[in-house]
Amino acid sequence: MLEGLTGVISGIISGMGMGGGTILITILVCFLSVDQKVAQAVNLVFFIPTSLVATIVNKKNKQIDWKLAIPIAVLGAIGAFAGAFIATKIEVGMLRKLFAIFLILIAIFEAYSWYKKYIKKN
């Protein structure tokens with residue numbers, strides 16, 4: 001049951017372009033006791049169909065700047081290859097710590113952005 005709910009929530013967030021993989025990995029590791037490396041591999045498989053569907057919908061709505069998207073996609077693929085290679089060489093405990101630091105940095109950035117938009121209002 002939790003696996004299905006996880007897929008639906010992650011898919012919705014991915015379709016909105018907000019990184020459903022972050023949610024997926026977190027739920028798999030924290031709530032379903034999946035090994036970090038397995039969770040990251042599952043995320044990669046999850047990413048293919050969700051990104052394909054989101055790309056089709058956004059292309060249909062003419063919301064993709066291909067001149068911007070193509071170089072980013074190519075360089076992202078190169079970075080993904082490098083990241084996957086590095087991840088296979090890192091111990092699981094260190095990988096978990098790096099992922100936690102990443103999540104904390106994202107949370108700080110989002111909190112600061114929210115603060116600037118709603119509290120500070122320059």
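Here, residue 1 is the first one in the sequence, and each next residue gets the next number.
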Practice problem: To the nearest 0.5 angstrom, please state how far the CG atom of L24 sits from the CD atom of E3. | Solution: 11.0 Å
Practice problem: Flag yes if F47 and I106 sit in one hydrophobic cluster, no otherwise; membership is Ile, Leu, Val, Met, Phe, Trp, Tyr, and two members link when side-chain heavy atoms are under 4.5 Å apart. | Solution: no
Exercise. Using a 4.5 Å cut-off on heavy atoms from C-beta on, say whether the side chain of L2 contacts that of L32.
Key: yes
Quiz prompt | Sequence neighbours excluded, every pair satisfying ring-ring contact (aromatic ring centres under 6.0 Å, His included) that has a member inside residues 78-118 | solution = W114-Y118
Quiz item: How is the hydrophobic cluster of I104 composed, in terms of its other members, when Ile, Leu, Val, Met, Phe, Trp and Tyr link through side-chain heavy atoms under 4.5 Å apart, directly or indirectly?
Solution: I108
Quiz item: Would F46 end up clustered with I25 when hydrophobic side chains under 4.5 Å apart are linked, directly or stepwise?
Solution: no
Using distance only, find each side-chain donor-acceptor pair of residues 36-44 under 3.5 Å and give its atom names and separation, not counting sequence neighbours.
from	atom 1	to	atom 2	distance (Å)
Q36	NE2	Q40	OE1	3.0
K37	NZ	A87	O	3.4
K37	NZ	T88	O	3.4
K37	NZ	I90	O	2.8

Quiz item: Same hydrophobic cluster for I23 and V8, using side-chain heavy-atom links shorter than 4.5 Å among ILVMFWY?
Solution: yes
Exercise. Would you mind listing the cluster partners of V45? Hydrophobic ones only (ILVMFWY), side-chain contacts under 4.5 Å, chaining allowed.
Key: none
Quiz prompt | Distance (rounded to the nearest 0.5 Å) between L103 CG and T26 OG1 | solution = 4.5 Å
Practice problem: Could you identify which residues cluster with V92, counting Ile, Leu, Val, Met, Phe, Trp and Tyr as linked when any side-chain heavy atoms lie under 4.5 Å apart, either directly or through a chain of such contacts? | Solution: none
Practice problem: First locate atom CD1 of I86, then atom CG of L95, and finally report the distance between them rounded to the nearest 0.5 Å. | Solution: 10.5 Å
Quiz item: Which hydrophobic side chains are connected to I101, either touching it within the sub-4.5 Å cutoff or through other members that do?
Solution: L105
Show me, pair by pair, the donor-acceptor contacts under 3.5 angstrom made by side chains of residues 52-59, not counting sequence neighbours?
from	atom 1	to	atom 2	distance (Å)
T55	OG1	S51	O	2.7
N58	ND2	A54	O	2.8

Quiz item: How many angstroms lie between CG in L5 and CZ in F31, if you round to the nearest 0.5 Å?
Solution: 11.5 Å
Distance-only donor-acceptor hits, side chain of residues 63-79, under 3.5 Å, sequence neighbours excluded:
from	atom 1	to	atom 2	distance (Å)
D65	OD1	K67	N	3.2
D65	OD1	L68	N	3.4

